[in-house]
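Scroll down for the structure; my scribbles are underneath it.
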Amino acid sequence: MNTFDAIYGRRAIKHFDPEHKISAEDEQKLLQAVIQSPTSYNVQHWRFVVLRDPEHRAAIRSDLGFDQTQITDASLLILFTADTQAWQKQPERYWAEVPEEIQAMMVGMMQDFHQGREWLQRDEAQRSIGMAMQTLMLAAQAMGYQSCPMIGFDIERLADAINLPEGYVIGPMVAIGKGTKAPWPKAGQLPLQELVIEDRFAAV
Ligand SMILES: Cc1cc2nc3c(=O)[nH]c(=O)nc-3n(C[C@H](O)[C@H](O)[C@H](O)COP(=O)(O)O)c2cc1C
């Protein structure tokens, strides 16, 4: 599928076929595509929680997920989390396949960038999550699946329910499957002239 067809064809799908099972091969293909997403300093701090257990999913839907049907009916449901401290956990492995001097330089820069800047560690984690989510949704589209990004759940309680480790952030889920109903009509995109700023914002 052409990239633009995937971008324009992707929609937030609310209803999936609960009988459809995704093959292990397709799941691997999607996850391998997701980890091609860029991360700053190649830190790869995303951690993908694949929510498989039907009982777990049913409880999340009813207790934490505002009864959103995608949570139980998607063929694949991935919760995006990220480790904000990955930058200081054996960072050499993020540059394992480059010459030693480049590895040392990048690891050093990565430390300076993150050290003492908790706000940035969180920002980094969430922006990497966002990019990985979009990779997953576009890859799914290209493979004939539909998807829905979802943050409509009780974030704090879901963190407890999955034993989110200390120092990790929780992001949205992405539901992947075979859509059974057309998406809502597109809500409408703002005009580019409102969204694009030439060089700088107007001075106030
Ligand atoms: C981070 C994020 C969280 C979202 N959470 C939900 C959700 O919990 N449930 C839902 O049905 N749609 C959710 N959406 C879908 C948006 O409502 C949808 O993407 C938006 O209305 C634009 O529609 P489109 O994706 O079909 O173009 C979410 C989208 C994003 C990006």
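Remember, it's 1-based here, ligands and their atoms both numbered in the order they're listed. Residue numbers count from 1 along this sequence.
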Arg11 neighbourhood, listing ligand 1 atoms whose heavy-atom distance to it stays under 4.0 Å: 24 (P), 26 (O), 27 (O)
Option of least heavy-atom distance to atom 2 (C) of ligand 1 (set: Pro149, Ala175, Cys148): Pro149
Arg52 with Glu27: basic N within carboxylate O range, under 4.0 Å: yes
Identity and distance of the protein heavy atom lying nearest atom 12 (N) of ligand 1: Lys14 NZ, 3.3 Å
Atom 5 (N) of ligand 1 protein-contacted, heavy-atom criterion under 4.0 angstrom: yes
Top protein contact for atom 1 (C) of ligand 1, by heavy-atom distance: Pro172 CG, 3.9 Å
Which of the ligand 1 atoms, numbered from 1, are nearer than 4.0 Å to a heavy atom of Arg10: 24 (P), 25 (O), 27 (O)
Flag: protein heavy atom within less than 4.0 Å of atom 20 (C) of ligand 1: no
Polar contact flag, side-chain donor to acceptor under 3.5 angstrom, Gln88-Gln111: no
Distance, nearest 0.5 Å, that separates CG of Asp83 from CZ of Arg47: 5.5 Å
Separation between NZ of Lys178 and NE2 of His20, rounded to the nearest 0.5 Å: 5.0 Å
Distance-only donor-acceptor check, side chains His45 and Thr39, under 3.5 Å: no
For Lys186, atoms of ligand 1 separated by under 4.0 Å from a heavy atom: 27 (O)
Subset of ligand 1 atoms that lie under 4.0 Å from at least one heavy atom of Gln70: 11 (O)
Minimum-distance protein heavy atom relative to atom 9 (N) of ligand 1: Gln68 OE1, 2.8 Å
Glu25-Gln28 side chain donor-acceptor pair, cut-off 3.5 Å: no
Lys21 vs Ser75 side-chain heavy atoms within contact, under 4.5 Å: no
Thr84-Arg122 side chain donor-acceptor pair, cut-off 3.5 Å: no
Closest approach of any protein heavy atom to atom 15 (C) of ligand 1, naming residue and atom: Ala12 CB, 3.7 Å
Atom 8 (O) of ligand 1: the protein heavy-atom neighbour that sits closest, reported with distance to 0.1 Å: Gly152 N, 2.9 Å
